[in-house]
Amino acid sequence: MYEINLKIKNESELYNPFDESCRTLSGEVSDYLAGQYEKKEVGDDIVLKIKCGGPVDFKRVCGAFQELIRRQEHINANQKRINRIKQIWLFCIGVVFVAAGILLDGVLGSVPVELISIVGSFAVWEAANIWIVENPRTRLARRTLRRLNATKIVIERTE
């Protein structure tokens, strides 16, 4: 079990000061949680302990935490969609340029044909890079968000 301890003076420190509904965690709290989460071992269950001198509305804290996760899931889904579009686009451009290089081999000189082929190869390489590097990152982020969704929140009152 991995414990993330968060000490605050009052509940309002948890929320973004511009959000009067208190449904959004502050950027500092979000950054702190992200940094602490990175330190945990794979597979550890997470407990978020909020220590506060005053009363804390448990439902509001849980709602703000869930809103943070929903926002991150939305960002992750958008990134996945962008990656897919870029990957298809780059692959198609690469195939067109490589095919053009092959077809124009006898028509143009060797330098222009090589340049066309290089551009095509580069585009295919970038598509492969998204597939090999970027897509696993978004899948890992999605799994991380699922684990965060199972975080147990405990509120302790300090005097």
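Residues take their numbers from the sequence shown, with the count starting at 1.
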Give a yes or no on whether [X] and [Y] share a hydrophobic cluster (residues Ile, Leu, Val, Met, Phe, Trp, Tyr; joining criterion: side-chain heavy atoms under 4.5 Å apart).
X    : Y    : result
F58  : Y15  : yes
I46  : I155 : yes
L104 : F122 : no
V56  : L68  : yes

[atom1] of [X] to [atom2] of [Y]: how many Å apart, nearest 0.5 Å?
X   : Y    : atom1 : atom2 : result
S21 : E67  : OG    : CD    : 8.5 Å
Q72 : N149 : CD    : CG    : 12.5 Å
E13 : C52  : CD    : SG    : 7.5 Å

Between the side chain of N76 and the main-chain N/O of A141, is any donor-acceptor distance below 3.5 Å?
no

Side-chain donor/acceptor of R157 to backbone N/O of G53, under 3.5 Å
yes

Close side-chain approach of [X] and [Y], heavy atoms under 4.5 Å:
X    : Y    : answer
I102 : F97  : no
I50  : E156 : no
L14  : I8   : yes
V154 : E3   : no
R60  : E11  : yes
L25  : N16  : no
Y2   : D45  : no
V29  : S26  : yes

Under a plain distance cut-off of 3.5 Å, with no hydrogens placed, do [Y] and [X] share a side-chain donor-acceptor pair?
X   : Y   : result
T24 : D19 : yes
Q79 : N83 : yes
N78 : R81 : yes

Flag if over 12 foreign heavy atoms under 6.0 Å of [atom1], [X]:
X   : atom1 : result
R23 : CZ    : no
Y32 : OH    : yes
E28 : CD    : no

Apply side chain to side chain contact (heavy atoms under 4.5 Å, CB included) to residues I4 and V47 and explain how you reach the verdict.
CA-CA 6 Å; I4 299 174; V47 175; over 6 Å; no

For a side chain to side chain contact (heavy atoms under 4.5 Å, CB included) check, start with the C-alpha distance between K49 and L6, then their side-chain angles and the critical distance, and finish with the verdict.
CA-CA 6 Å; K49 279 192 177 176; L6 183 64; over 6 Å; no

Quick one: do I130 and L90 satisfy side chain to side chain contact (heavy atoms under 4.5 Å, CB included)? Show the steps, please.
CA-CA 10 Å; I130 292 170; L90 285 167; 4.0 Å; yes

Might you point out which heavy atoms bring [X] and [Y] nearest each other, and give the distance in Å?
X    : Y    : result
S121 : V98  : N-CG2, 3.9 Å
I93  : A123 : CG2-CB, 4.3 Å
S117 : G101 : OG-CA, 3.9 Å
K80  : T138 : N-CG2, 4.5 Å

Where do Y37 and L33 land on the side chain to side chain contact (heavy atoms under 4.5 Å, CB included) test, with the steps shown first?
CA-CA 6 Å; Y37 184 78; L33 292 176; over 6 Å; no

Candidate pair Q87 and N135, rule side-chain hydrogen bond (donor to acceptor under 3.5 Å, both in side chains), full reasoning
CA-CA 10 Å; Q87 193 174 357; N135 289 347; 3.3 Å; yes

Is the shortest side-chain N to carboxylate O distance from R70 to E73 below 4.0 Å?
no

